[in-house]
Amino acid sequence: VTGVESFPGAVADARASAGDGDVVFFNEEVESFLTANPDMSADAVLVDPPRMGLSGPVRDSLLTGAAETIVYVSCDPATLARDLRFFLESGYNLASVRGFDMFPNSAHIEALAVLERK
């Protein structure tokens, strides 16, 4: 398992939670990590981008890696729809999408989408 996160505190928490398993975490921007590791591939990828969604270079890198499954966590329905359209037009099927009301009494909703390569 490889984790990439730009916030140092989140990386420290992830390392502490992972224990001694076959897990490695990188504290850097995902764009920089993917640029430095262009041949990176995975069977499955979990992304949880900021409100602006995935950047174009990250979306393109995910296609190059050709993961069988992409799990996408989103806090913004508009950017989720934009990014899902990109993946659907690029050879993925939407297996499921589900909303989660993690912030009661607010207009905010989290969504979890699962994409599978056709």
Side-chain angles (χ1 to χ4, degrees):
V1 174
T2 301
V4 181
E5 169 60 49
S6 62
F7 184 67
V11 173
D13 289 346
R15 286 179 177 146
S17 296
D20 295 329
D22 190 15
V23 181
V24 62
F25 294 97
F26 295 90
N27 182 201
E28 63 183 286
E29 296 290 334
V30 70
E31 290 86 352
S32 300
F33 177 82
L34 292 171
T35 298
N37 298 280
D39 297 328
M40 184 74 155
S41 64
D43 296 327
V45 175
L46 168 69
V47 295
D48 185 0
R51 188 165 296 280
M52 67 180 192
L54 295 173
S55 69
V58 171
R59 287 191 308 258
D60 292 342
S61 291
L62 290 175
L63 289 183
T64 302
E68 289 296 316
T69 304
I70 298 174
V71 178
Y72 191 124
V73 179
S74 177
C75 62
D76 186 280
T79 57
L80 174 63
R82 180 203 66 204
D83 291 345
L84 289 181
R85 182 180 319 117
F86 172 83
F87 289 114
L88 294 175
E89 293 173 351
S90 301
Y92 283 86
N93 288 319
L94 182 59
S96 66
V97 64
R98 184 170 183 174
F100 295 89
D101 184 7
M102 297 177 68
F103 307 100
N105 301 316
S106 76
H108 299 287
I109 189 166
E110 294 286 317
L112 178 77
V114 179
L115 297 146
E116 295 176 344
R117 185 165 284 290
K118 292 181 186 175

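Here the structure is a predicted model, which is why all the values come from computation and not from measurement.
Taking all atoms of both residues into account, the shortest heavy-atom contact from Thr64 to Pro38 is CG2-O, 4.4 Å. The two residues Met52 and Arg82 make their nearest non-hydrogen contact at O-NH2, 3.1 Å. Annotation for Leu62 and Val45: closest pair CD2-CG1, 3.7 Å, computed over non-hydrogen atoms. For the pair Gly53 and Tyr72, the tightest heavy-atom approach, listed with the atom from each and the gap, is CA-OH, 3.7 Å. Across every non-hydrogen atom of Gly65 and Ser41, the tightest pair is O-CB, 3.7 Å. Taking every heavy atom of both residues into account, Phe25 and Ala18 meet most closely at CE1-CB, 3.8 Å.
Annotation: the span from Thr35 atom OG1 to Met40 atom CE amounts to 13.0 Å, rounded to 0.5 Å. Once rounded to the nearest 0.5 Å, the distance linking CD1 of Ile70 with CG of Leu84 reads 9.5 Å. To the nearest 0.5 Å, the span separating CD1 on Ile109 from SG on Cys75 amounts to 11.5 Å. Within the model, atoms OG of Ser6 and CD of Glu28 stand 10.0 Å from one another, a figure rounded to the nearest 0.5 Å. Arg85 CZ to Ser90 OG: the interatomic distance, rounded to the nearest 0.5 Å, is 11.5 Å. For the atom pair OG1 (Thr2) and CG (Asn37), the distance works out to 8.5 Å, reported to the nearest 0.5 Å.
With hydrogens and angles ignored, the 3.5 Å screen pairs no side-chain donor or acceptor of Glu116 with any backbone N or O of Ala95. Formation of a donor-acceptor pair under 3.5 Å by the Asn93 side chain with backbone atoms of Arg117 is not found in this model.
Within 6.0 Å of CG on Asp22 lie no more than 12 heavy atoms contributed by other residues, nucleotides or ligands. Atom CZ of Phe100 has more than 12 heavy atoms from other residues, nucleotides or ligands within 6.0 Å.
In the hydrophobic clustering of this structure, Val1 does not group with Phe26; members are Ile, Leu, Val, Met, Phe, Trp, Tyr whose side-chain heavy atoms approach within less than 4.5 Å, directly or through other members. Side-chain heavy atoms closer than 4.5 Å link hydrophobic residues (I, L, V, M, F, W, Y) into clusters, and following such links, even through other members, never connects Leu34 to Val11. Val47 and Val23 are not part of a single hydrophobic cluster, where members link through side-chain heavy atoms under 4.5 Å apart. Under a hydrophobic-cluster definition in which Ile, Leu, Val, Met, Phe, Trp and Tyr are linked whenever side-chain heavy atoms come within less than 4.5 Å, directly or via other members, Leu112 and Met102 are assigned to the same cluster.
Residue pairs meeting the salt bridge (charged side-chain N to carboxylate O under 4.0 Å, His left out) criterion with at least one partner in residues 46-59, sequence neighbours excluded, are Arg51-Asp76, Arg59-Asp83.
Residues passing the side-chain contact (heavy atoms from CB on, under 4.5 Å) test with Leu46, sequence neighbours excluded: Val71, Val73. Partners of Phe103 according to the ring pair (Phe, Tyr, Trp, His ring centres under 6.0 Å) rule, which considers only residues two or more places apart in sequence or in another chain, do not exist here.
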Step-by-step side-chain contact (heavy atoms from CB on, under 4.5 Å) determination, Leu94 to Leu115:
CA-CA 5 Å; Leu94 182 59; Leu115 297 146; 4.1 Å; yes
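Asp60 places a side-chain heavy atom less than 4.5 Å from the side chain of Phe86.
The aromatic rings of Tyr92 and Phe87 stand perpendicular to each other, their planes meeting at an angle above 60°, with 30° marking the opposite boundary.
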